[in-house]
Amino acid sequence: MQDVSSLVAQAREGRPRAVARLISLVEGASPQLREVMAALAPLTGNAYVVGLTGSPGVGKSTSTSALVTAYRKQDKRVGVLAVDPSSPFSGGALLGDRVRMSEHASDPGVYIRSMATRGHLGGLAWAAPQAIRVLDAAGCDVILVETVGVGQSEVEIASQADTSVVLLAPGMGDGIQAAKAGILEIGDVYVVNKADRDGADATARELNHMLGLGESRAPGDWRPPIVKTVAARQEGVDEVVEALEKHRAWMEEHGVLTTRRLARASREVETIAVTALRERIGDLHGDRRLDALAERIIAGDLDPYRAAEELVTGLTSTDQPSGG
């Protein structure tokens, strides 16, 4: 068993091994997970969480690395969660993003962690919300969350980040058209990377046009900017940081940041509760209560919805303290 209080104290001091162990406890759904979350709770709420998403090949890892460089110039501590595809053999992350960001490996002000999706859809690992809490409590000023890179299904990042950055690149065919019903609806800042390639201006124009279609923003509402970058040469990255800071200031001024964080916490509680309930129901296979409900359905005495309601009621009632 790990000494959680000691790990948290070491993480606050910026010791990467302690941060790594805490995230490992999270990823492994350790029996100490509740203790870890309870210890971290008073220490969170200070980090600015930026999500980066986009189709494969747009340069997410390079852009993330460039943003790390820009924020480190401002002397900010940066955490990176790079969500990689799971290996079909081991279930672990392929670690490609971590390899590409190796230039920051020796910087004590940067913590980089690759996480495997382990089959979780939406471009994020299931443990990402708790891992974000670990990095927040460890004193990171900015947390960059880079999604796995599967395209339109990556909209989940919008529910986990304070600000969502959508990256595109010229020469991606009809990628904008294909993605408009998904990731083009979640961006707070849009980045056209690899802007030194032919077609970058056309991509930016098309993106601007699509963002304007059906747009119904009131005066004072946030209009997502479009920034062109060549992340591999650090060109345009300062403009991205400026756009991020403007969005953060706008959210704070209009109460949007608090609203987003409240929604994020609500979803996290809901997910934990549903997962716990699902596990309890899974333990009922072969249980007489479940078999009895199934028999009543077959006999026509009960419909499946009513049966499910009775099952949930029965499970939750066992959590209530008995009177006495």
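- Every residue meeting the salt bridge (charged side-chain N to carboxylate O under 4.0 Å, His left out) condition with Asp107, not counting sequence neighbours, appears here in chain and number order: Arg72.
- Scanning for salt bridge (charged side-chain N to carboxylate O under 4.0 Å, His left out) contacts around Glu235 gives Arg233, with sequence neighbours left out.
- Across all non-hydrogen atoms, the minimal contact from Ala131 to Ile23 is CB-CG2, 4.3 Å.
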Original post:
Between Asp188 and Met251, does a side-chain contact (heavy atoms from CB on, under 4.5 Å) hold up when you go through it step by step?
Top reply: CA-CA 11 Å; Asp188 299 304; Met251 287 191 296; 5.8 Å; no

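- Using modelled atom types, no side-chain atom of Ser65 and backbone atom of Ser61 make a donor-acceptor pair closer than 3.5 Å.
- Residues Thr163 and Tyr48 have side chains in contact (heavy-atom distance under 4.5 Å, counting atoms from C-beta outward).
- Within the 4.5 Å cutoff, side-chain heavy atoms of Val49 are placed close to those of Val145.
- Under the 4.5 Å side-chain contact rule for hydrophobic residues, Leu244 and Trp222 share a cluster.
- Side-chain atoms of Val241 and Gln74, non-hydrogen and from C-beta on, do get closer than 4.5 Å to each other.
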**OP:** Evaluate the side-chain contact (heavy atoms from CB on, under 4.5 Å) criterion for residues Val312 and Leu277: first the C-alpha distance (whole Å), next the side-chain angles of each, then the deciding distance (0.1 Å), finally the verdict.
**Re:** CA-CA 8 Å; Val312 171; Leu277 188 58; 4.3 Å; yes

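- Closest non-hydrogen pair, Val19 versus Ala138, comes out as CG2-CB, 4.0 Å.
- A donor-acceptor distance shorter than 3.5 angstrom exists from the side chain of Arg113 to the backbone of Ala20, with no hydrogens or angles considered.
- Checked against salt bridge (charged side-chain N to carboxylate O under 4.0 Å, His left out), Glu239 has no partners two or more places apart in sequence or in another chain.
- A salt bridge between Asp201 and Lys228 is present, with a side-chain N of the basic residue lying under 4.0 Å from a carboxylate O of the acidic one.
- With sequence neighbours excluded, the residues that form a side-chain contact (heavy atoms from CB on, under 4.5 Å) with Ala231 are Thr62, Ser63, Ala66, Asn193.
- Within the model, atoms CZ of Arg267 and CD1 of Ile272 stand 13.5 Å from one another, a figure rounded to the nearest 0.5 Å.
- At least one donor-acceptor pair closer than 3.5 Å links the side chain of Lys194 to the backbone N or O of Gly57.
- Take Gln32 and apply the side-chain contact (heavy atoms from CB on, under 4.5 Å) test, not counting sequence neighbours, and it matches Met1, Gln2, Val4, Leu25, Ser30, Glu35.
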**OP:** Would you please test Tyr111 and Val80 for side-chain contact (heavy atoms from CB on, under 4.5 Å) and show each step?
**Re:** CA-CA 6 Å; Tyr111 182 85; Val80 178; over 6 Å; no

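- Rounded to the nearest 0.5 angstrom, Arg17 CZ and Gln10 CD are separated by 10.5 Å.
- Within a 6.0 Å sphere centred on CG of Asp3, heavy atoms belonging to other residues, nucleotides or ligands number more than 12.
- Applying the side-chain contact (heavy atoms from CB on, under 4.5 Å) rule to Glu252 yields the partners Arg248, Leu257; only residues at least two apart in sequence or on another chain are considered.
- Val134 is listed as a side-chain neighbour of Leu40, based on a closest heavy-atom distance under 4.5 Å.
- The two residues Ala200 and Pro170 have their closest heavy-atom pair at N-CB, 3.7 Å.
- Residue-environment remark: NZ (Lys246) stays at or below the threshold of 12 foreign heavy atoms within 6.0 Å.
- Residue Val8 comes nearest to Ala39 through the heavy atom pair CG2-CB, 3.9 Å, listed as atom of the first residue, atom of the second, then distance.
- Salt-bridge formation is not detected for the pair Arg261/Glu268: no Lys NZ or Arg NE/NH1/NH2 atom is positioned less than 4.0 Å from an Asp or Glu carboxylate oxygen.
- Heavy atoms of other residues, nucleotides or ligands lying less than 6.0 angstrom from CZ of Arg34 number 12 at most.
- Taking hydrophobic clusters as Ile, Leu, Val, Met, Phe, Trp and Tyr residues chained together by side-chain heavy-atom distances below 4.5 Å, Leu33 shares a cluster with Leu81.
- Once rounded to the nearest 0.5 Å, the distance linking CZ of Arg12 with CG of Leu7 reads 14.5 Å.
- Looking at Arg260, its side chain does come within 3.5 Å of a backbone N or O of Asp162 through a donor-acceptor pair.
- A salt bridge links Arg306 with Glu309; the closest basic N to acidic carboxylate O contact falls under 4.0 Å.
- Of the possible polar contacts, none joining the Arg77 side chain to the Asp141 backbone as a donor-acceptor pair under 3.5 Å is found.
- Proximity of Pro225 to Val189: side-chain heavy atoms (C-beta onward) are separated by under 4.5 Å at one or more points.
- Of the inter-residue distances, the one linking Ile298 atom CD1 with Arg296 atom CZ reads 13.0 Å to the nearest 0.5 angstrom.
- The minimum heavy-atom distance linking Ala243 with Val227 is given by the pair CB-CG2, 4.4 Å.
- In this structure, Thr53 and Ser164 have side chains that are not in contact, with every pair of non-hydrogen atoms separated by 4.5 Å or more.
- Residues Asp303 and Tyr305 come closest through the heavy atom pair OD1-N, 2.9 Å.
- Trp250 contributes no side-chain N or O that, together with a main-chain N or O of Asp221, makes up a donor-acceptor pair within less than 3.5 Å.
- With values rounded to the nearest 0.5 angstrom, Ile112 atom CD1 is found 9.5 Å from Leu144 atom CG.
- For the pair His104 and Thr69, the minimum side-chain heavy-atom distance is below 4.5 Å.
- Val192 and Val230 are not part of a single hydrophobic cluster, where members link through side-chain heavy atoms under 4.5 Å apart.
- Proximity of Gln234 to Val237: side-chain heavy atoms (C-beta onward) are separated by under 4.5 Å at one or more points.
- The CG atom of Asp238 sits 9.5 Å away from the CG atom of Leu67 when rounded to the nearest 0.5 Å.
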Original post:
Going through the distances and angles, do Val191 and Ile226 end up as a side-chain contact (heavy atoms from CB on, under 4.5 Å)?
Top reply: CA-CA 6 Å; Val191 173; Ile226 301 170; over 6 Å; no

